[in-house]
Asks: 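Below you will find the structure I want to go over with you.
Proteins come first, then strands; the chains are lettered A, B, ... in the order of their sequence lines, and each starts at number 1.
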Amino acid sequence: MGQLGSRVGLYDAATVRVSATGTIQVMTGAHSHGQGHETVFAQVVADKLGIAEAAVEIVHGDTSKIPFGMGSYGSRSLAVCGSAMDRALDKIIAKGKKIAAHMLEAAEGDITFENGSFSVTGTDKAKSFGEIAFSAYVPHNYPLETLEPGLEETAFYDPNNFTYPAGAYLCEVEIDPDTGKVTICSFTCADDFGNVMNPMVVEGQVHGGVAQGIGQALVEHTAYDENGQLLTASYMDYAMPRADDLPFYQVDHSCVTPCSHNPLGVKGCGEAGAIGSPPAVVNAVIDALHRAGMDHVDHIDMPLTPARVWAAMQA
Amino acid sequence: MYNFEFAKAKTIADAVKALSSGDAQALGGGQTLLPTMKQRLAAPTTLVSLNAIPEMIGVCVNDAGEVCIGGATTHATVAREAAAHYPALAALASHIGDPAVRNRGTIGGSLANNDPSACYPAAALGSGAVIKTNARDIAADDYFLGMFTTALDEGEIITEVRFPVPQKANYQKFVQPASRFALVGVYVAKYAGGVRVAVTGAASDGVFRWAEAEAALSADFAATALDALAVPGNDMIADLHGSADYRAHLVKVMTKRAVAAAA
């Protein structure tokens with residue numbers, strides 16, 4: 001990633017700690033403050049190991065417990081930290097195969113891991129993930145020179161490229177010709193985020209992003225007077241978007257082009273809503289004014305408050 | 001917030017007495033006073049609550065057919081209890097602030113404060129209401145004296161507001177996007193003797209009557225009667241939410257909408 005201009009490795013890190021009873025703690029460098037990591041990261045682990053999501057605990061935010069990571073920003077948590085988790089799980093499975101080979105008296109290369117079970121390829125000889133975890137902490141006759149007890153792995157993952165989600169946003173507005181007030185009638189988002197781990201979480205991220213973007217487009221404004229005095233120092237003057245400022249959204253992610261360079265095939269989704277919505281709203285307003293014969297209006301600075309839209313209509 | 005003493009009056013006489021000492025301050029619903037005190041912009045030594053005086057709470061209709069509202073009646077109560085007698089007034093009350101504000105804020109508090117963007121001053125002036133205090137009756141036309149300024153004397157309490165009920169009335173509010181106070185609010189009321197039009201939110205001196213519109217609507221109560229009129233922008237508020245010209249324009253738009261909704 002450093003070669004692409006960031007000048008530092010934009011890695012993230014995960015430690016997967018399997019307990020003797022087969023429950024799992026994952027310590028992540030990325031932090032969840034509403035994005036749903038606890039749900040989605042646990043899903044990734046549970047899917048990969050063929051165990052219940054309830055057996056997975058995601059630990060984040062406590063710097064005395066977690067590995068050093070680069071954090072949650074830039075729509076990167078699942079693509080980067082999730083990939084680090086995937087790499088750490090690869091190491092867990094690799095070590096599990098060594099333990100299984102020892103227990104099943106087979107060659108390590110003959111062990112297959114599938115659906116939570118380590119088996120000798122082509123036979124019905126198998127050990128469950130839980131049995132391997134227990135054996136890792138209660139080892140019997142381990143060849144200690146080549147097989148350490150314990151089952152805990154850390155991976156640092158530095159992506160070799162950005163992810164490239166693509167989307168199209170469609171906004172329909174009505175403008176009150178007497179007051180300049182803009183009302184959003186419908187809003188549709190179609191995004192290709194690559195593989196989607198949890199559709200509901202992804203849809204929620206898009207909803208939140210679109211709300212933020214509509215706020216930026218229509219109401220939010222940090223204003224100063226000519227002396228540098230902040231005029232919008234409270235919510236009496238700084239307009240936050242509220243539920244009744246926003247429409248219901250149609251969200252689609254049926255087009256799936258997996259990312260080609262990370263192990264999960266996922267792309268960033270957190271910022272898409274906030275990036276796609278402001279230009280869609282402003283273009284819709286300009287288009288509506290043109291359709292009403294006001295061809296002279298090609299640009300209005302955000303936020304498109306009623307007063308600004310009305311003023312543009314008068315010019 | 002600085003420390004203060006708190007007195008809860010049970011009668012109007014008690015409240016008047018408590019307010020006569022030092023720099024005591026009457027407390028209605030506290031929707032303006034308490035935030036002001038929290039910001040340390042006001043520091044009264046004593047607050048005298050008017051919210052537990054039974055004779056100042058409630059909505060009734062007197063023998064003259066006027067809707068009488070106790071000064072300490074909340075917006076939520078007005079919205080509920082005045083609906084059958086004076087629907088336009090109840091509708092106005094039901095759109096002040098949000099439910100938390102409507103359950104605390106009072107009509108007397110709003111009129112005593114006379115915020116230039118408040119809704120109630122438009123209803124009182126637009127209805128030609130009488131503001132009754134512990135000392136006298138004040139006609140709405142004599143009551144509003146400018147931004148945050150009223151005819152009330154020091155320590156004088158609004159005990160009741162009497163609204164003559166019009167044949168038709170409506171209030172239209174165009175909200176400021178952040179606070180959702182009235183950027184411009186217009187109250188239109190048609191009485192047998194003529195039409196009253198009161199405008200809040202727009203002018204730097206607070207609520208005012210639009211005389212030209214009243215004359216035009218008294219002759220012809222239709223939105224089109226206002227077509228030829230225009231409000232000058234000179235005395236309008238100009239701020240980041242709207243220029244003076246925009247507010248002046250909105251006064252006409254909202255007046256027409258109020259007439260159309262009332263007719």
Asks: For the CD atom on B/E81, are there more than 12 heavy atoms of other groups (residues, nucleotides or ligands in this structure) within a distance under 6.0 Å?
Replies: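 It does: B/E81 CD has more than 12 such atoms within range.
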
Asks: If you count heavy-atom pairs under 4.5 Å with chain B, which of A/A307, A/A223, A/A239, A/S234 comes out on top?
Replies: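 Ranked by contacts with chain B, first place is A/A307.
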
Asks: State whether the number of non-hydrogen atoms from other residues, nucleotides or ligands found under 6.0 Å of A/F68 atom CZ is greater than 12.
Replies: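 Not more than 12 within 6.0 Å, no.
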
Asks: Would one find more than 12 heavy atoms of other residues, nucleotides or ligands at under 6.0 Å from atom CG of B/N3?
Replies: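 Check fails, neighbour count at 12 or below.
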
Asks: Measuring heavy-atom distances to chain B, does A/T232 have an atom under 4.5 Å in its side chain, in its backbone, in both, or in neither?
Replies: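 Only the side chain of A/T232 comes within 4.5 Å of chain B.
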
Asks: Please check if the number of heavy atoms outside A/Y164 that lie under 6.0 Å from its OH is greater than 12.
Replies: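 More than 12 within 6.0 Å, yes.
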
Asks: I need the B/L240 CG to A/T222 OG1 distance, nearest 0.5 Å.
Replies: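 With rounding to 0.5 Å, CG (B/L240) is 10.5 Å from OG1 (A/T222).
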
Asks: Are there residues of residues 88-114 of chain B that reach to under 4.5 Å of chain A by heavy atoms, and which ones?
Replies: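 Within residues 88-114 of chain B, no residue comes under 4.5 Å of chain A, counting heavy atoms only.
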
Asks: Determine whether more than 12 heavy atoms belonging to other residues, nucleotides or ligands lie under 6.0 Å from atom OH of A/Y235.
Replies: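 It does not: A/Y235 OH has 12 such atoms or fewer within range.
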
Asks: At a heavy-atom separation under 4.5 Å, does B/R257 approach chain A through its side chain, its backbone, both, or neither?
Replies: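 Contact with chain A is through the side chain of B/R257 alone.
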
Asks: On a heavy-atom basis, which atom in A/P306 and which in B/P177 lie closest, and how many Å separate them?
Replies: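 For A/P306 versus B/P177, the nearest heavy atoms are CD-CG, 4.4 Å.
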
Asks: For atom NZ of A/K181, is the number of surrounding heavy atoms from other residues, nucleotides or ligands below 6.0 Å larger than 12?
Replies: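 Not more than 12 within 6.0 Å, no.
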
Asks: Does atom CE of A/M200 have more than 12 heavy-atom neighbours from other groups under 6.0 Å away?
Replies: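 Counting neighbours around CE of A/M200, 12 or fewer heavy atoms of other residues, nucleotides or ligands fall under 6.0 Å, so no.
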
Asks: Where is the tightest heavy-atom contact between B/Q176 and A/M236, given as atom of each residue plus distance?
Replies: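 That closest heavy-atom pairing would be NE2-O, 3.0 Å.
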
Asks: Does B/Q167, at its CD atom, have more than 12 non-hydrogen atoms belonging to other residues, nucleotides or ligands within less than 6.0 Å?
Replies: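 Buried by this count: over 12 neighbours within 6.0 Å.
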
Asks: Between NE2 of B/H241 and CG of A/D237, what distance do you get to the nearest 0.5 Å?
Replies: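 Between B/H241 NE2 and A/D237 CG, I get 4.0 Å after rounding to 0.5 Å.
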
Asks: Less than 4.5 Å apart, side chain to side chain, heavy atoms only: is that true for B/H249 and A/Q314?
Replies: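 Not in contact.
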
Asks: Pick from A/M240, A/R242, A/H221: which one has the most heavy-atom pairs with chain B under 4.5 Å?
Replies: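 With the most close heavy-atom pairs to chain B, the winner is A/R242.
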
Asks: How many angstroms lie between atom CG of A/D178 and atom CZ of B/F174, to the nearest 0.5 angstrom?
Replies: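 Atom-to-atom, A/D178:CG and B/F174:CZ are 10.0 Å apart.
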
